[in-house]
> 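Here it is, the structure, as C-alpha cells.
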Amino acid sequence: MMSPESSIIRVVVGLLYPFILLLGFYVIINGHYTPGGGFQGGSILASLFIARYVVFPVEDIDSEILHLAQRFVLALLLLGPVVLLFTGAVHAYPDYRAAYLTLMDILIGVQVGFGLGVAVLRFAFFKGVGESWRF
Amino acid sequence: MVEVGVILLMAVFALLAIHSTLLRFAVIYLAIFSLLAAFLYLLYAAPELAIAEGVIGSGLVTLLYLSALKRYRVYTIGFIGDGESRQLTDRYISGVEDSAALAKIKDFFQRREFEPQVVFVSRPLEDALSDPHFDLVISETPQGLIIYGPQDSYAVVELELMFRMQGAGAGIEFVRYAREEAQ
C-alpha cells in the first residue's frame, strides 16, 4: 500500500517545507499585531505533519509522545492565565503585555499543531479494517 | 461586485463536487470551494478566518480526504499497451480512455462505490503482475483485451459474468493469477 511517491511531489514539498515552517512561526509570533495567531499558525504547523506523510509515509513519529507533549502544553496553557492574569501580574506591568500575548500565542500554536498532528498521524496509520481489505 | 462573482463560483464548485462521479475530482472541487471561501472572508475584512479556512479547509481536510481515498477506495487498473510498440502517446491513451470496454469496466467499479484509477504502463507483463499496487491488469493484444485478475478477488468473477451476460465479451479474455500476499 505504501508506495514511493513521485519525484515532483517530493521535490516541491521538500522545497516548500522550510517556508511553511517559517510562515507558521511568523503567523504565531506576530499574532497580536497582524492577522493570524495561535490557532492559525498551529494549523499551518500541523500541515507540516501531513506534508511529511504525503512524501514519506513511514510511521517513525511516536504519536503517544506527541499526545503527551500536547497535554503538557495544554496544562501550561491553563496555568498561564491563572498565574499571570488572575493575580494581576500582567496589569501591574503593562510593558510585558505583548510578551504575555506572544507566550500565550506560542503555547496555543504548539498545542493546536501537536493536537492536529496527532489526529492526522493516528488517522493515516490507523491499523483497522484496512489491513485485510480485499474485494 | 467581486463578492457576488465569488459566491456564484462557490455555488458552481459546490454543485460540481456533489455531481462529479469520481471522488477524487470531488475532493479537488471542495478544495477550490474552500479557497474561494477564504478569499470571500478576505473581501469581507476577516483575514483571521481567511487564514484558518485556507489552511484547514483546503489544506488539511483535502489531504485527509486524499489519504483516506488512497487507503480504501481506489481500485488501480494497470493498462499495458499493444505488445510490439509499447508507445504510450497521448492519442493512444485518449483512444483507450474513450473505448467502450474500459468505460464499462470503470462503470462496473463506480457502481460498487470504488474509485477506478487507470494507470498506463509500458512494462513487461510479468513485472506488472507482480506489482502489488495493481488490482487488475489489462493487456492489449492484436486479438483483443486480456484481463488479468487475482484469484482471490470476487470483483473479477462478477466482471467476467457481466461481460458474458451482456454478450459484449467478444475479444475479451479473462486470466486469473495467484497474487502473492501483500506485506
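Every heavy atom of this structure was used, including side-chain atoms; hydrogens, water molecules and symmetry mates were not. So you know, we letter chains A, B, ... as the sequences are listed, proteins then strands, and number each from 1. Everything numeric in this text was worked out from a predicted model, so none of it was measured.
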> Honestly curious: do A/Leu84 and A/Phe86 fall in one hydrophobic cluster under the side-chain, below-4.5 Å linking rule?
yes
> Can you tell me which portion of B/Ile56 sits under 4.5 Å from chain A's heavy atoms? Options are side chain, backbone, both or neither.
side chain
> Using every non-hydrogen atom in the two residues, find where A/Pro35 and B/Ile51 come nearest and quote the distance to one decimal.
O-CD1, 3.8 Å
> Quick one: CD1 on A/Ile44 to CG on B/Leu60, what's the gap to the nearest 0.5 Å?
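So the CD1 of A/Ile44 and the CG of B/Leu60 are separated by 10.0 Å.
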> Are any side-chain N or O atoms of B/Glu48 and backbone N or O atoms of A/Gly37, one a donor and one an acceptor, separated by less than 3.5 Å?
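Side chain of B/Glu48 to backbone of A/Gly37: no pair is present.
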> Between side-chain atoms of residues 27-47 of chain B and protein atoms elsewhere (two or more places apart, or another chain), which donor-acceptor pairs fall under 3.5 Å?
unit_1, atom_1, unit_2, atom_2, d
B/Ser34, OG, B/Glu53, OE2, 3.3

> Which residues satisfy the ring-ring contact (aromatic ring centres under 6.0 Å, His included) test with B/Phe120, sequence neighbours excluded?
B/Phe79
> Same hydrophobic cluster for A/Tyr96 and A/Leu76, using side-chain heavy-atom links shorter than 4.5 Å among ILVMFWY?
no
